[in-house]
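In what follows, a single structure is set out as structure tokens and then discussed.
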There are 2 protein chains.
Amino acid sequence: MTRGRPLAFSPDQAIAQAMQVFWAQGYNSASTRDLLVAMQISRSSLYQAFGNKEQLFLEALHRYRDNLVARLERKLTASPSALTFIEGLFRDTARDACSERAALGCLIFNSASELGQRGDVPSREAAVAVAAIKQLFHQAVLQAQAEGDIDANRDAAMLANYLTLSMAGLRTLLKSGASAEDAGGAVEQVLIGLR
Amino acid sequence: MTRGRPLAFSPDQAIAQAMQVFWAQGYNSASTRDLLVAMQISRSSLYQAFGNKEQLFLEALHRYRDNLVARLERKLTASPSALTFIEGLFRDTARDACSERAALGCLIFNSASELGQRGDVPSREAAVAVAAIKQLFHQAVLQAQAEGDIDANRDAAMLANYLTLSMAGLRTLLKSGASAEDAGGAVEQVLIGLR
DNA sequence: TGCATTATGGAACGATTGGTTCTAAAGTCC
DNA sequence: GGACTTTAGAACCAATCGTTCCATAATGCA
């Protein structure tokens with residue numbers, strides 16, 4: 001099957017490590033050296049396996065997006081209702097205010113904020129990832145409407161935008177050092193708007 | 001009065017130009033060269049007048065914050081009511097979705113997102129600037145309660161957090177390329193939560 | 001006219017950036 | 001053993017990073 005010397009590292013794990021670096025530092029501030037150290041591979045391996053820094057970032061962002069969406073979809077189906085899923089997601093995020101995780105924020109919103117509307121591939125991919133989050137909220141809202149927890153007459157796409165906005169705002173609030181009480185209070189207000 | 005050779009540039013204008021660079025590129029990505037070109041001064045003048053890049057950023061952030069708060073306070077007092085001020089602020093921001101201005105976002109939220117909880121001075125100052133925005137919303141909510149447009153029984157501090165979260169989220173949404181319709185719809189939902 | 005003081009332009013600093021290329025060794029399959 | 005691929009590491013590139021230094025220019029004061 002595979003000819004030649006086999007890979008000495010797991011591309012999956014390597015991407016996961018690179019993802020952590022981009023997550024903590026952002027795309028521009030993450031140097032290739034930082035990535036090499038975290039990935040525990042040599043320079044030649046990085047360029048042979050992933051091309052360059054930009055392509056590695058795209059792989060990491062893609063991975064993050066896929067993992068996040070899959071995790072949330074599992075959570076959604078495991079929840080007693082779509083509304084409790086949404087409520088739990090926001091409340092858990094707010095409750096986690098003081099953790100390292102909250103300080104990192106979300107790679108997708110971080111990237112959208114950093115890369116803005118530059119027009120290059122990483123910027124567009126960040127926007128695509130935001131759209132994936134919005135799409136998941138849309139799905140949850142539709143389900144909650146079918147379950148009778150949200151008025152079926154309300155525009156589900158609009159509510160999906162509202163929830164995406166709210167989650168992005170919550171992450172920024174947490175990044176600026178908001179307490180769990182402050183974040184939790186604001187989140188309850190967000191959730192009131194759903195019903 | 002002043003001894004020695006006089007300054008050949010206006011520190012005010014120079015800071016304003018530097019602010020634009022930090023605004024468009026972020027703190028880390030803004031190079032000293034970019035700053036020098038925009039400020040139209042020489043390298044030595046920058047370090048003599050402002051110390052270093054970090055201190056220059058702090059001056060720019062401070063300036064941005066003071067200008068923003070002053071402008072919003074003027075707008076608040078000029079508005080027929082505090083509620084119309086809040087509504088107008090959010091609607092105008094959403095309506096402006098496709099402008100360059102919207103693509104830049106807000107320097108304060110940009111900085112909070114980029115610098116996160118690093119613990120250094122720029123990071124802390126970004127958090128202070130977010131707190132200033134929150135404080136302004138708090139003031140507007142209290143006034144709206146006094147004017148009978150918001151239920152006086154509701155927690156004004158909580159609503160201020162809610163509005164800060166919403167504005168931060170709106171800016172992230174616009175940075176990810178949301179249309180004026182999408183942003184406007186989400187904003188209406190945000191405003192419904194106030195009443 | 002000199003002196004003190006401050007600002008200026010520009011060179012230069014050492015370190016680091018992302019990216020590429022090279023070499024020699026090592027591992028695996030046929 | 002030969003074909004093939006990956007490995008580690010060094011070297012290199014031009015560019016950039018933030019910062020420092022120095023001689024010079026421009027002003028007020030004596």
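Proteins get letters first, then strands, A, B, ... in listed order; numbering begins at 1 in each. Note: hydrogens, waters and symmetry copies are ignored here, and every other heavy atom, side chains too, is used.
Going from atom CG of B:L35 over to atom P of D:dT19 covers 11 Å, rounded to whole Å. Taking atom CG of B:L46 as the reference point, atom P of C:dG10 lies 16 Å away to the nearest angstrom. Look at CG on A:L36: it is 14 Å from P on C:dT20, rounded to the nearest Å. Rounding to whole angstrom units, CD of residue B:Q55 and C1' of D:dT19 are separated by 13 Å. One can place CZ of B:R5 at 9 Å from C1' of C:dT6, the figure rounded to the nearest angstrom. Between the C1' atom of D:dC17 and the CD atom of B:E54 lies a distance of 16 Å, rounded to the nearest Å. The CD-C1' distance, from B:Q40 to C:dT8, rounds to 15 Å in whole Å. In this structure, CZ of B:F9 is placed 20 Å from P of D:dA25, rounded to the nearest angstrom.
B:R195 and B:E87 are joined by a salt bridge, as a carboxylate oxygen and a charged side-chain nitrogen come within less than 4.0 angstrom of each other. Note on B:R91 versus B:E188: salt bridge recorded, some NZ/NE/NH1/NH2 to OD/OE distance being below 4.0 Å.
Looking at heavy-atom distances under 4.0 Å, B:S45 makes contact with sugar-phosphate atoms alone, never a base.
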Letter by letter from the 5' end, nucleotides 11-18 of chain C scores (B base, S sugar-phosphate only, - none; protein heavy atoms under 4.0 Å) B-----BB
Tabulate below the donor-acceptor pairs under 3.5 Å that side-chain atoms of residues 146-153 of chain A make, not counting sequence neighbours, or state none.
{"from": "A:E147", "atom 1": "OE1", "to": "A:A82", "atom 2": "N", "distance (Å)": "3.0"}
{"from": "A:E147", "atom 1": "OE2", "to": "A:Q143", "atom 2": "NE2", "distance (Å)": "2.9"}
{"from": "A:D151", "atom 1": "OD1", "to": "A:N153", "atom 2": "N", "distance (Å)": "2.9"}

Less than 3.5 Å apart, which donor and acceptor atoms pair up between the side chains of residues 124-137 of chain A and the rest of the protein, not counting sequence neighbours?
{"from": "A:R124", "atom 1": "NH1", "to": "A:G119", "atom 2": "O", "distance (Å)": "2.5"}
{"from": "A:K134", "atom 1": "NZ", "to": "A:N161", "atom 2": "OD1", "distance (Å)": "3.3"}
{"from": "A:K134", "atom 1": "NZ", "to": "B:D182", "atom 2": "OD2", "distance (Å)": "3.1"}

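Counting heavy atoms of neighbouring residues, nucleotides and ligands inside a 6.0 Å radius, atom CD of B:Q13 does not exceed 12 of them.
For the residue pair B:D96 / B:S99, a side-chain donor-acceptor distance below 3.5 Å is found, with atom types taken as modelled. In this structure, a donor-acceptor pair under 3.5 Å is absent between the side chains of A:N110 and A:S113.
Between C:dG27, D:dA8, C:dT8, one nucleotide has an atom nearer to the side chain of A:P6 than all others, and that is C:dG27.
Each of B:I41 and A:N52 lies near DNA chain C, and the nucleotide nearest B:I41 is the one positioned closer to the 5' end.
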